[in-house]
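Everything below concerns the one structure shown next.
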4 protein chains.
Amino acid sequence: MAGVNKVILVGNLGKDPEVRHLESGSVVANLTLATTEAYKDRNGNRVENTEWHDLELWDGQAKVAEQYLRKGSQIFVEGKIKSDTWQDEQGNNRKRTKIRVLSFTMLGSKNSEMGAGGSSNPNTMSQPNAGNPQPASMPSSGGNIEEGDDDLPF
Amino acid sequence: MAGVNKVILVGNLGKDPEVRHLESGSVVANLTLATTEAYKDRNGNRVENTEWHDLELWDGQAKVAEQYLRKGSQIFVEGKIKSDTWQDEQGNNRKRTKIRVLSFTMLGSKNSEMGAGGSSNPNTMSQPNAGNPQPASMPSSGGNIEEGDDDLPF
Amino acid sequence: MAGVNKVILVGNLGKDPEVRHLESGSVVANLTLATTEAYKDRNGNRVENTEWHDLELWDGQAKVAEQYLRKGSQIFVEGKIKSDTWQDEQGNNRKRTKIRVLSFTMLGSKNSEMGAGGSSNPNTMSQPNAGNPQPASMPSSGGNIEEGDDDLPF
Amino acid sequence: MAGVNKVILVGNLGKDPEVRHLESGSVVANLTLATTEAYKDRNGNRVENTEWHDLELWDGQAKVAEQYLRKGSQIFVEGKIKSDTWQDEQGNNRKRTKIRVLSFTMLGSKNSEMGAGGSSNPNTMSQPNAGNPQPASMPSSGGNIEEGDDDLPF
DNA sequence: TTTT
DNA sequence: TTTT
């Protein structure tokens, strides 16, 4: 009965986050993420295959997404599969699957346009804290994103 | 462009595998897997939430599933999200998401009724070998599974 | 700078958990977990390879481990790699690596001896709650572990 | 007996790959990868914690690493934990743990200086093909990686 | 609809 | 030291 339902994605956003601020005070962000794999077919031709994922983020995560993510952003995502089922007007059973994001991390060098290397760290950003307002700076990486730190260990 | 699309599941099969042997010689198995999470709601009541996943296995993997998996079997699954999109009769865009299984492992302790603990090991069972016929014994675990138990180990 | 450090293991405990109750009130459990992979070598002989992992659990997780896990228990583990570095008496740099467990799930059928299907669910058991005392029953699965529930969905 | 031993990392290389071409024809690359997590301590101060991982890649993977990875490169890694055990001169049992890389993906946005986004795709680069020589271009992504960027982006 |  |  114990279960594990885990999704790990690295890809790029297809468009800017769509964020809704609910009357309840909750915030929801919807993202579309492309994961592309490339391989050679039997004829040696390069084939590219893109899968589009619908991501849903809540509250603190949603706010960070709203502030830092943009169309094209590359992110690492950890979450779980969550599907809605309902009956349509014709009485057919319908199912729609999305990824409930539990944490995400911005990828790319610190020199990229939006700042970078930010992380919605599981320790500080995941569910239990989801209701907390997020600081203006990137959580758990924050502070020095936009500052020049020349003493990086690399 | 580099992408990662990875799913990890642990759950139980909702029914026996449905296996089709195609004219091409390929074999496809479809499984439904339940992953259950339980938590306490705000009132301290235990709530259980089950997500049903549609799994698809091919060739060698499908044959192992056909032979060893049954309704109720607990398995560890690694795969990727794969969705089909099409237009229905009303011209609406439709999307159906399933998990393409890349490897799976049977779970269960030696003390449990079902014995078992076979593995469709990535090294021997994953895509590159998917076209190879599988031996009657459980791959990469084999040995004593086939020893006269006509009643399946589960 | 954003980083991901994630470990996923399924294996069996080499011995009973070793649990220490610290003066601070913290509880630490140390487990050894074997993950075995089997493959055929070039000669077609079956080869088995076992890796032993040192796991460390804290507080709530440690208590659950103490209560429910035993030598031979099969578990799913999610955690991160954590290494200690120091200098030994000869002045050599030394490093020891272990897995800091963030959540784990007991595997095996409902009929197995120890009860089963328990889960130290991330939502209820992970870091943020780590200091909370755990109920005698298995968290987030609890209650009905030892009771006959014939209406299981499988 | 069925086991799972999986590691997923996202981090930056601490130095250029160290590559050895063995007499046997095999190629080994050793990398050091830093995964950094940041969090706020009880006093609200930001704390940063870096874990260094020793990675080992073989053959095709090693060659790709040699050609494309440099100190500071950000990569996604999938692999498994592998430890060596031996006795030192004093007769003490020693153990050293490293990550055997099964696949890796270069990260970085299109806006970052080095371009990039190559992938050692599991489908084309993982174990079963490890002995195959790699093309000069980045497998399943290629292109603009090699364009003379001597000033590292970090 | 992203990215290369 | 586990498990099969």
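Every chain is numbered from 1, with letters handed out A, B, ... down the list of sequences. Since the structure is predicted, the reported quantities are computational estimates derived from the model, not experimental observations.
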Inset, instruction - Let me know the distance between CG of L33(A) and P of dT3(E), rounded to the nearest Å. - result: 12 Å
Legend entry - Min side-chain heavy-atom separation R96(D)-K95(C) under 4.5 Å: no
Legend entry - Salt bridge present between R46(C) and E48(C) (N-O < 4.0 angstrom): yes
Legend entry - Any N/O donor-acceptor pair, T50(C) side-chain to dT2(F) base, under 3.5 Å: yes
Inset, instruction - Give the rounded distance in Å between these two atoms: CG of N12(C) and P of dT1(F). - result: 16 Å
Inset, instruction - Consider the side chain of K15(C), meaning its heavy atoms from C-beta on, and name the nucleotide among dT2(F), dT1(F), dT1(E) that approaches it most closely. - result: dT1(F)
Legend entry - Length of the line joining F76(A):CZ and dT2(E):P, which is rounded to integer Å: 24 Å
Legend entry - Side-chain donor/acceptor of T32(A) to base of dT2(E), under 3.5 Å: no
Inset, instruction - Round to a whole Å and report the spacing from CZ of F104(A) to P of dT2(E). - result: 20 Å
Legend entry - Side-chain donor or acceptor of N5(D) paired with backbone N/O of I81(D) under 3.5 Å: yes
Inset, instruction - Calculate the interatomic distance between D54(A) atom CG and dT1(E) atom C1'; express it in whole Å. - result: 11 Å
Inset, instruction - Output yes when a side-chain donor or acceptor of Q74(B) lies under 3.5 Å from a complementary backbone atom of V10(B), and no otherwise. - result: no
Legend entry - Between P of dT2(F) and CD1 of I99(C), the distance in whole Å: 20 Å
Legend entry - Closest listed nucleotide, where the reference is the side chain of W52(C) and the choices are dT2(E), dT1(F), dT3(F): dT1(F)
Legend entry - Closest to the T36(A) side chain, choosing from dT3(E), dT1(E), dT2(F): dT3(E)
Inset, instruction - Nearest whole angstrom, please: distance from the P of dT1(E) to the CG of L31(A). - result: 17 Å
Legend entry - Separation of atom CG in L107(A) from atom P in dT3(E), rounded to whole Å: 14 Å
